[in-house]
Asker: 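I'd like to ask you about the structure that follows.
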Number of protein chains: 2
Amino acid sequence: MGLGSADTRLLDRYVKRKRMLKRGQILYRADEELTSVYALRSGSVKTYLSTGDGRLQITGFHIPGELLGLNEMDEKRYHCEAMALETTSVCEISLSCFEELVRQIPSVYYQMLRMMSKEIKLNQELMLLLGKKNAEERLATYLLNISRRFAMRNYSPTRFNLSMSRGDIGDYLGIAEETVCRIFTRFQAEGVVTSERRYIILNDLKRLSDIACEPYHYPAVSRASPPLRLVNLR
Amino acid sequence: MGLGSADTRLLDRYVKRKRMLKRGQILYRADEELTSVYALRSGSVKTYLSTGDGRLQITGFHIPGELLGLNEMDEKRYHCEAMALETTSVCEISLSCFEELVRQIPSVYYQMLRMMSKEIKLNQELMLLLGKKNAEERLATYLLNISRRFAMRNYSPTRFNLSMSRGDIGDYLGIAEETVCRIFTRFQAEGVVTSERRYIILNDLKRLSDIACEPYHYPAVSRASPPLRLVNLR
DNA sequence: CGGCTTATTGATCCGACTCAACGTTAGTGG
DNA sequence: CCACTAACGTTGAGTCGGATCAATAAGCCG
């Protein structure tokens with residue numbers, strides 16, 4: 001199902017160059033022609049869409065191992081803008097090289113479908129959140145998603161550092177920065193989480209699940225197949 | 001890029017059976033195993049996700065020519081529930097048949113990527129709407145999207161019948177049914193639209209674009225490549 | 001150390017929700 | 001074909017969650 005290590009090594013030959021981004025630097029802009037796809041090696045990236053008058057909606061936070069730019073097959077043009085949240089390293093793979101790769105390793109095609117399918121699901125969950133949940137439910141849902149994501153990578157599901165600001169969280173959850181703060185304070189007062197700026201401890205996953213209005217999953221159940229790794233991380 | 005008519009005829013052999021649905025009937029449920037994909041022939045379908053306590057978010061309205069169930073490659077399990085909005089006819093294609101088809105016509109693979117890519121873009125636009133737009137902007141955006149969709153199929157972009165109720169529109173736009181009504185009334189008072197229950201006339205596309213906070217496109221510019229037709233319609 | 005970004009808290013206000021009532025339409029069964 | 005009924009659409013009144021504006025504190029980077 002995944003690529004073997006031989007495939008990974010083969011891929012190394014296709015990698016054009018590594019790029020380092022500092023916090024706030026832009027990887028690509030909306031409407032720009034799609035020339036490359038990017039594999040994230042370290043750091044993190046936000047992608048977002050904006051209205052004509054400057055309001056923006058963050059559509060996703062991306063972490064090492066993920067591939068950026070593959071959702072754009074339809075028009076060969078980036079739809080979102082992508083910005084580094086911290087010092088970030090990506091591998092740039094030119095589109096022609098990537099297409100050559102797909103010819104050599106056809107299973108990548110199927111992997112792409114799976115990745116896009118997963119993205120669609122994530123997006124739909126986010127729509128449910130944006131359309132129907134209140135601010136508390138939004139933040140609880142968000143913290144649980146982060147937690148699962150860390151658990152999947154064998155990091156602690158209950159203690160972690162966020163790479164995004166309160167404002168970014170708000171722009172992702174469709175609420176104001178101030179509301180994010182207030183609810184962090186409220187959760188802290190109730191003992192559900194401990195938060196010291198970007199360092200977060202989740203004290204009660206069960207209660208968070210209740211607040212988020214989601215069924216409770218015991219942490220670190222990673223029955224799902226591992227994500228596709230196109231590059232060696234770090 | 002698209003399938004030829006020979007391919008379409010070939011596909012006919014793979015179509016297992018046609019299903020007729022009446023308004024309110026369910027095509028598939030969330031968490032059900034993915035056994036078939038469905039090509040919509042006539043009518044319309046809504047897909048939606050729901051929270052544990054019954055709130056729901058409509059993730060899309062689907063019209064003839066579209067393929068349902070292809071977003072589920074990741075876990076081979078439907079993620080949304082799909083319900084007919086009116087009397088609707090679909091072609092059921094079993095998953096094994098579809099996989100056989102893909103082997104015989106590899107271009108379908110690429111088409112699937114394009115379709116999913118387009119869906120991701122639509123979903124992201126909807127996220128921006130849900131996260132950052134007010135009720136007026138939401139309804140204006142919605143009416144314009146419908147209009148473009150009709151224009152693409154050579155129907156009138158300014159006069160049409162909606163197949164969904166006010167409640168459905170609200171559940172799609174993340175606002176209450178009553179709010180949808182009020183804003184229809186307001187738009188009507190301002191002369192931007194004329195609405196007689198589900199029959200809608202858009203009197204001023206330019207003004208709608210301004211309200212929606214989107215750049216104005218002259219109607220019926222369909223430079224985009226036509227959608228994939230897997231079945232003959234009607 | 002100084003300037004800048006980020007985080008937090010308070011006060012006020014408003015858009016949209018909820019609840020409720022009522023008119024209208026379409027669908028059903030006799 | 002008509003009467004009945006349930007679903008749909010509309011409008012009003014009152015309320016409230018979260019936005020906005022504003023001020024201050026706390027880190028962070030050069």
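Small disclaimer: the values here were computed from a predicted structure and weren't measured. Below, read A as the first sequence line, B as the second, and so on, with proteins coming before strands; counting in each chain starts at 1. These values consider heavy atoms only, across backbone and side chains, with no hydrogens, waters or symmetry-generated copies.
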Asker: Quantify the bending of the helix from dC1(C)-dG30(D) to dG30(C)-dC1(D) as the angle between its end axes, each fitted on five pairs, to 10°.
Answerer: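 For the helix from dC1(C)-dG30(D) to dG30(C)-dC1(D), the axes at opposite ends meet at about 60°.
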
Asker: Phosphate oxygens OP1/OP2 of dT11(D): is one of them under 4.0 Å from a side-chain N or O of T185(B)?
Answerer: yes

Asker: Taking any atom closer than 4.0 angstrom to a non-hydrogen atom of chain B, what span of DNA chain C does the protein reach, first nucleotide to last?
Answerer: dA16(C) to dT25(C)

Asker: Using a strict cut-off of less than 4.0 Å between a Lys/Arg side-chain nitrogen and an Asp/Glu carboxylate oxygen, indicate whether R29(B) and D31(B) qualify as a salt bridge.
Answerer: no

Asker: Which atom pairs, one a donor and one an acceptor, fall under 3.5 Å between side chains of residues 200-207 of chain A and the rest of the protein, sequence neighbours left out?
Answerer:
unit_1	atom_1	unit_2	atom_2	d
N203(A)	ND2	G191(A)	O	3.3
N203(A)	ND2	T194(A)	OG1	2.9
D204(A)	OD1	K206(A)	N	3.4
D204(A)	OD1	R207(A)	N	3.1
K206(A)	NZ	D210(A)	OD1	2.9
K206(A)	NZ	D210(A)	OD2	3.0
R207(A)	NH2	E190(A)	O	3.0

Asker: Assess whether a salt bridge exists between E86(A) and R198(A), defined as any Lys/Arg side-chain N lying under 4.0 Å from an Asp/Glu carboxylate O.
Answerer: no

Asker: Over how many whole Å does the gap from E86(A) atom CD to dC28(D) atom P extend?
Answerer: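 One finds 14 Å between P of dC28(D) and CD of E86(A), rounded.
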
Asker: Using a 4.0 Å heavy-atom cut-off to protein, can you give one letter per nucleotide of nucleotides 12-22 of chain D, 5' to 3': B if the base is in contact, S if only the sugar-phosphate is, - if neither?
Answerer: BB----SSBBB

Asker: Are E214(A) and R148(A) ion-paired here, with the side-chain N under 4.0 Å from a carboxylate O?
Answerer: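 R148(A) and E214(A): salt-bridged.
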
Asker: About how many Å separate CE of M115(A) and CG of L67(A), when rounded to the nearest 0.5 Å?
Answerer: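 Taking CG in L67(A) and CE in M115(A), the distance rounds to 4.5 Å.
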
Asker: Could you report the tightest heavy-atom contact between L21(B) and A84(B), atom names first, then the distance?
Answerer: CB-CB, 3.8 Å

Asker: Under the 3.5 angstrom rule, does the side chain of T88(B) hit a backbone N or O of G43(B) as a donor-acceptor pair?
Answerer: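 Not at all, since once roles are kept as given, no pair shorter than 3.5 Å links the two residues.
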
Asker: Round to a whole Å and report the spacing from CE of M164(B) to P of dG9(D).
Answerer: 11 Å

Asker: Starting from the 5' end of DNA chain C, give me the residue, E196(B) or K22(B), whose nearest nucleotide shows up first.
Answerer: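 It is E196(B) whose nearest nucleotide is closer to the 5' end.
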
Asker: Got a list of side-chain donor-acceptor pairs under 3.5 Å for residues 172-186 of chain B, not counting sequence neighbours?
Answerer:
unit_1	atom_1	unit_2	atom_2	d
T185(B)	OG1	C181(B)	O	2.9
R186(B)	NH1	E136(B)	OE2	2.8

Asker: What integer distance in Å separates M83(B):CE from dA7(D):C1'?
Answerer: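 From M83(B) CE to dA7(D) C1': 14 Å.
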
Asker: With sequence neighbours left out, write down each residue that passes side chain to side chain donor-acceptor pair (under 3.5 Å) with E72(B), or none if nothing qualifies.
Answerer: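 Here no residue qualifies.
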
Asker: Tell me, do M164(B) and K46(B) make a side-chain contact under 4.5 Å, heavy atoms counted?
Answerer: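 They are not in contact (no side-chain heavy atoms under 4.5 Å apart), so the answer is no.
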
Asker: Does the side-chain hydrogen bond (donor to acceptor under 3.5 Å, both in side chains) test come out yes or no for K133(A) and T141(A), once each step is laid out?
Answerer: CA-CA 9 Å; K133(A) 292 189 179 180; T141(A) 305; 3.1 Å; yes

